[in-house]
Amino acid sequence: MLTLNFVAALLIQGEGPLASAGAPDRPNVVVLMLDTLRPDHLSFFGYSKPTSPFLDSVARESAVFEEARSTTSWTAPACASLFTGHYPPAHGVLEGFFAHRRRSDKAEETSPEVLILNQFPEDMKLLPEYFQAEGYRTYCLATNLNIGPEIGFDRGFDRFVCLDDGTADIVFRELDKWHEEMSSGDQPYFLYLHLMDPHMPYHPREPLYERQEDEIADARSRYDSEILWMDGWLEKIFKRWGWGSETLLVALSDHGEEFGEHGQIGHRHSLHVELNKILLLFRGPGIQPALIPYLGGIHDVLPTLLDMAGLQPPNEGTGVSLGPLLRGSASEEQKLAFRDRAVFAHRAKFRPKTSHLWAANYKSFRMIQDAGVDLFFDLSRDPFEQLNRVSMLPILSQDVRAKLWDFRRQGFGDRSNPVEVELDLDTLSLLDALGYVDSEEDFPPEDLRDDGESPPEEQ
Ligand SMILES: [Zn+2]
């Protein structure tokens with residue numbers, strides 16, 4: 001064994017051929033994005049229904065973040081944070097595909113609509129580009145039209161497919177077309193795989209779906225049945241591809257979903273915890289299975305994956321590597337820094353008029369600022385954010401408010417890269433099915449980068 005190890009060490013040092021694809025020192029990397037998945041609807045987070053037998057088994061071998069947050073509550077800005085390591089104001093992708101129109105106006109129904117989106121700044125390096133630069137073969141299979149070339153999500157991929165619509169069985173078959181190519185070759189691969197099954201429209205899936213009279217209860221039952229159905233296909237995908245402990249895996253969601261906690265169904269117009277909290281787990285070489293009691297963010301994934309793959313850290317971004325926590329090697333000083341860390345979120349809002357929502361997550365506390373109104377919650381006593389404690393906890397709420405204003409004072413970056421996208425009728429009907437049509441509002445202003453609020457005087 002000693003001799004074999006010695007030979008292996010020589011190979012790694014470059015004395016021989018490159019280490020083989022998927023070897024522990026150059027692992028294959030899989031980013032599994034489960035759109036709209038609420039972690040508290042997974043069995044291993046204590047959900048009452050058996051929604052996730054396969055993901056449960058993955059979680060047992062993973063470092064799972066007890067509390068993780070998105071940087072927003074909808075797909076495009078969240079995935080842009082995943083791809084850049086930046087908060088939305090810095091990467092500039094403030095809005096995804098979203099149609100604003102008055103349905104009562106028949107003329108507008110038949111005319112194409114132009115949406116102004118922001119592309120990634122050209123000089124901002126994206127997650128797949130880091131891996132591509134290190135010789136990885138890079139693949140993307142996505143099923144949400146937000147993850148398309150319009151915003152620039154195709155950058156850095158050797159092969160890129162974004163299906164307009166695709167359930168997990170279709171994903172299995174589409175991905176299989178690359179199986180021979182990806183499984184051969186000398187270089188490891190980086191794969192971004194984006195599944196949409198928990199997203200609207202919720203299909204009633206056997207065997208978990210039980211019809212409910214109440215609209216919200218029925219939506220929840222459909223949603224849960226979709227999770228279990230997707231979980232079964234994930235098991236098939238993982239078995240087919242042999243993704244085990246040798247593969248560097250991150251499984252996460254981009255945001256959650258609301259089922260009436262604050263009066264709505266879906267993920268629009270709010271930054272409450274049911275939308276801002278996400279799944280975040282890592283499995284692979286060097287990762288110790290554990291439940292991690294510190295706050296992780298979606299913008300941490302980029303520096304963390306580079307760290308765990310032994311690659312150069314990013315030269316910009318506000319996410320941090322969670323590597324010390326995943327390895328179980330964090331010093332007391334590092335633990336203190338993670339414990340004292342705040343994670344922020346932003347969301348453009350179009351109702352009743354265009355404005356901005358901001359949130360701070362700090363320990364068990366959350367502050368949401370909505371058009372000049374401050375909401376303050378303590379999740380340890382109020383997990384569904386029903387009671388505003390801003391006046392009950394004046395010192396604590398002021399402390400978190402100050403952190404949030406420090407973040408807001410950084411403002412929006414100046415690397416805006418606007419692009420016009422025409423929404424044809426097919427796209428509009430797809431957006432409608434996904435819940436991305438606002439039928440009551442005027443068009444939003446073209447520039448979302450006007451906060452409309454002034455920060456308080458610094459104290
Ligand atoms: Zn999403």
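Fair warning: this is a prediction, and the values are worked out from it, not measured in the lab. We're numbering straight along the sequence, starting at 1.
Electrostatic pairing of K277 and D40 does not count as a salt bridge here, judged by no charged N lying under 4.0 Å from a carboxylate O. Salt-bridge check for R38 with E274: failed, with every basic side-chain N at 4.0 Å or more from each acidic carboxylate O. With respect to the salt-bridge test (charged N to carboxylate O, under 4.0 angstrom), the residues E235 and K239 qualify. A salt bridge links R409 with D406: the distance from a Lys NZ or Arg NE/NH1/NH2 to an Asp or Glu carboxylate oxygen falls below 4.0 Å. Under the 4.0 Å criterion applied to side-chain N and carboxylate O atoms, R327 and D307 are assigned as salt-bridge partners.
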ring-ring contact (aromatic ring centres under 6.0 Å, His included) between W358 and H346, worked out = CA-CA 5 Å; W358 301 90; H346 166 270; 4.7 Å; yes
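No side-chain heavy atom of W241 sits under 4.5 Å from any side-chain heavy atom of T247. By the 4.5 Å heavy-atom criterion applied to side chains, V31 and L191 are not counted as neighbours.
Between the side chains of N276 and R347, no donor N or O sits under 3.5 Å from an acceptor N or O. Judged by distance alone, the side chains of N144 and H199 never bring a donor and an acceptor atom under 3.5 Å apart. When only modelled atom types and interatomic distance are considered, R401 and Q369 share no side-chain donor-acceptor pair under 3.5 Å. If you check the side chains of N417 and N118, you find no donor sitting under 3.5 Å from an acceptor. The closest side-chain donor-acceptor pair between D424 and T427 falls under 3.5 angstrom. There is no side-chain donor-acceptor pair under 3.5 Å between Y202 and D197.
Ring geometry, F83 versus Y192: the interplanar angle exceeds 60°, so the pair is classed perpendicular (tilted spans 30 to 60°). Relative ring orientation between F338 and Y294 is described as tilted, the plane-to-plane angle lying within the 30° to 60° band.
Partners of P314 under the side chain to side chain contact (heavy atoms under 4.5 Å, CB included) rule, at least two apart in sequence or in another chain, are Y130, L302, P303, L306. In terms of the side chain to side chain contact (heavy atoms under 4.5 Å, CB included) criterion, P383 has no residue partners (sequence neighbours excluded). Judged as a salt bridge (Lys or Arg N to Asp or Glu O under 4.0 Å), and not counting sequence neighbours, D426 has no contacts. The side chain to side chain contact (heavy atoms under 4.5 Å, CB included) check on Q132 picks up T138, D158, with sequence neighbours excluded. Contacts of T71 classified as side chain to side chain contact (heavy atoms under 4.5 Å, CB included), with partners at least two apart in sequence or in another chain: S81, Y87, P88, I298, H299. In this structure E258 satisfies the salt bridge (Lys or Arg N to Asp or Glu O under 4.0 Å) test with no other residue, sequence neighbours excluded.
Residue E174 qualifies as enclosed at atom CD: its count of foreign heavy atoms under 6.0 Å is above 12.
For Y189 and Y136, the distance between ring centers is not under 6.0 angstrom.
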